[in-house]
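Since the structure comes first, as structure tokens, the remarks are kept for the end.
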Protein chains: 2
Amino acid sequence: MKDVAAAAEVALKTVSRVVNEEPGVNAATAARVVAAIERLGYRRNESARVLRKGRTASIGLVIEDVADPFYSGISRAVEDVALRNGSLVLSGSTGKEPERERGLVLTFCSRRVDGLIIVPTGSDHEYLLPELDAGIAAVFVDRPGGLDVDTVLSDNSGGARTGVTHLIRHGHRRIAYVGDSASIFTATERLYGYRHALRDAGLPYDESLVATGPAEQAGTALTGMLSFDDPPTAVFTGNSRITVAVLRTGHRLPMVAFDDFELADLLVPGVTVVAQDPVRLGSTAAELLFRRLAGELGTPERIELPTRLIPRGSGELRPS
Amino acid sequence: MKDVAAAAEVALKTVSRVVNEEPGVNAATAARVVAAIERLGYRRNESARVLRKGRTASIGLVIEDVADPFYSGISRAVEDVALRNGSLVLSGSTGKEPERERGLVLTFCSRRVDGLIIVPTGSDHEYLLPELDAGIAAVFVDRPGGLDVDTVLSDNSGGARTGVTHLIRHGHRRIAYVGDSASIFTATERLYGYRHALRDAGLPYDESLVATGPAEQAGTALTGMLSFDDPPTAVFTGNSRITVAVLRTGHRLPMVAFDDFELADLLVPGVTVVAQDPVRLGSTAAELLFRRLAGELGTPERIELPTRLIPRGSGELRPS
DNA sequence: CGGCTCGTCGACAACGTTGTCATCATCTCG
DNA sequence: CGAGATGATGACAACGTTGTCGACGAGCCG
């Protein structure tokens, strides 16, 4: 900028004014400055600007894994909203490691992002408090982070309840639940929805039909249940990875899956799912964040987005 | 930092030294400073540091769409490599719009990223030249960007050739090619591989069996071909979106698809694919970038990663 | 004991912006 | 014609770091 000023024979400040399109610059002078900028290939140094202004026009996005379609959907939505708001997105995957989440968040903070969108992995987010005090806005997505902060969730229990009820309506009385381990918020909620549906229908809750744990064990768990004297006639799966694991076992059990996935309609039978809307999850969170950044006050919101049952065949099979 | 210095009753520079773990600070003094840092909840302002040092320890990643599994694979790999190198990733999706790509790249540059990893969307990347001169490193991934810059690609033509040859070996003589429009580098390469395979086998190249264009038209194009007097007995699809479009038509034509996709093995029959390795694509590009950032000189490299044929059934069917 | 090195520390400038205020010429109006 | 308003421009400080260099005392050696 100094060079540009020299080249255009004006003061530094005048160049600054031109670059920022501030009023009060003679058209002729401005033209001279623009020419000099062009000639020297000058581009404003955003770091210095940030230092001066305090706002970085960037937000941090912390998710579990960009490579997972659910999170990449969120990712894309956040990106789009950010772009519309003139912000950039710094993103990082935690891979379910709370330590890595913490590292990412703190790094983002020291880079002075204006706000954070976090899919919380650990349960303890105390370390965020000083940052929040320092004025960084934060929104939790998909799971609550244990702090009194804006949060956007899917209606996990309601969705699971709908899905299980769907199976019950089709005549199933013994329905297996295969889901993530109980330490994960969404898994607990979905299991709750499952129980709720059983209760609604007056069916007993049988613990031996419930398997929780990582996706790798889902297949064997279900296979085990099928060897019972009184095996389940249908299964409700708690997330996509588990759904796939169950599908790979080759049992063609009637099934409703939580979370939609590509090609669910091309399998035979098509897989009936309770679909979440990752894009809407992401955009809602981002909109909320930018409203906060724009100065909107008020108590933290907790938004629950509806899920949608998509019948495709597997959930409409009757017990055999 | 000023406050910390005051609280610890030392000079600004001493705090800086402690924060950066520079040698030459008395242990007792350091302890006092650390205590003050703790007490005040101080965290270094990275923007100021960047301004002073010139390096931002961040790279820009420009891809077509994070929500596409192929690109999110790249994304994740880049992220991991960056993290290992102490860098952050600014990312953005272009959605195939050259204008948006340009905007993203220039924004990243004005934020002084150290380097860029770009999946080029437009063909004209002249606008990058001033940035490259300014010392920003760049690597193109998946497609060349028309500039003499490090580039990491899949072996598109070789992969397609292998895939088509596979069908030929299984007795097919009339093989349809349904791929992306010719303006896209990878599509041209794959079509070239297709022709190459036909030539190798002494089969004629029949233009009426070749459909290029967006995925939305892929289904109808293939359906059209199947009404010929002498219809194709197998199809080679040029990318995942097109593969899915073709699958949705419901024709159970013998088929080899370029690019692997989740659940390809669960369809009936399993879909034989020529798999690319997005993760390796991303990590190779990132490694290359960081080597350049570390000062490695030499002429730009052009790396072509091998593809892998994965037989799953659909490609092993004989003509009916 | 004088000169030397070494360890520790601080003063100061600089990075590239932008906000504040001052300057100066020109114009307007009574 | 003089006072004040207006428009254009510039000088300077500040944002929070870090690099450079110099100061100061303690310990060492000859």
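The figures that follow rest on heavy atoms only: side chains count, while hydrogens, waters and symmetry mates do not. Every chain is numbered from 1 and lettered A, B, ... according to where its sequence line falls, protein lines coming before strand lines.
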Touch class at under 4.0 angstrom, heavy-atom based, for B/Val25 against every strand present: sugar-phosphate

5′-ward residue of the pair B/Asn45/B/Arg17 relative to DNA chain D: B/Asn45

Sugar-phosphate, base or nothing in reach of A/Thr29, heavy atoms under 4.0 Å: sugar-phosphate

OP1 or OP2 of D/dT18 under 4.0 Å from side-chain N/O of B/Asn20: yes

Out of C/dT17, D/dG19, D/dG10, whichever nucleotide has its closest atom nearest the side chain of A/Ala11: D/dG10

A/Glu296, CD: over 12 other non-hydrogen atoms inside 6.0 angstrom: yes

Minimum-distance nucleotide to A/Arg44 side chain [options: C/dG10, D/dG19, C/dT17]: C/dT17

Sugar-phosphate only, base, or nothing, as touched by B/Val19 at under 4.0 Å among non-hydrogen atoms: nothing

Phosphate-side-chain proximity, B/Ser16 and D/dT18, N/O vs OP1/OP2 below 4.0 Å: yes

Phosphate-side-chain proximity, A/Thr14 and D/dT9, N/O vs OP1/OP2 below 4.0 Å: no

Phosphate contact (D/dT17 OP1 or OP2) by B/Lys2 side-chain N/O below 4.0 Å: no

B/Arg143 charged N/C atom sitting above B/Phe185 aromatic ring, 6.0 Å / 45°: no

Value in whole Å for how far the P atom of C/dT8 lies from CZ of B/Arg32: 14 Å

Phosphate contact (C/dT8 OP1 or OP2) by B/Lys13 side-chain N/O below 4.0 Å: no

More than 12 heavy atoms from other groups under 6.0 Å of CD on A/Glu9: no

Nearest listed nucleotide, side chain of B/Arg52, among D/dT18, C/dG19, D/dG16: D/dT18

Minimum side-chain heavy-atom gap B/Leu153-B/Leu281 below 4.5 Å: no

OP1 or OP2 of D/dG16 under 4.0 Å from side-chain N/O of A/Arg112: no

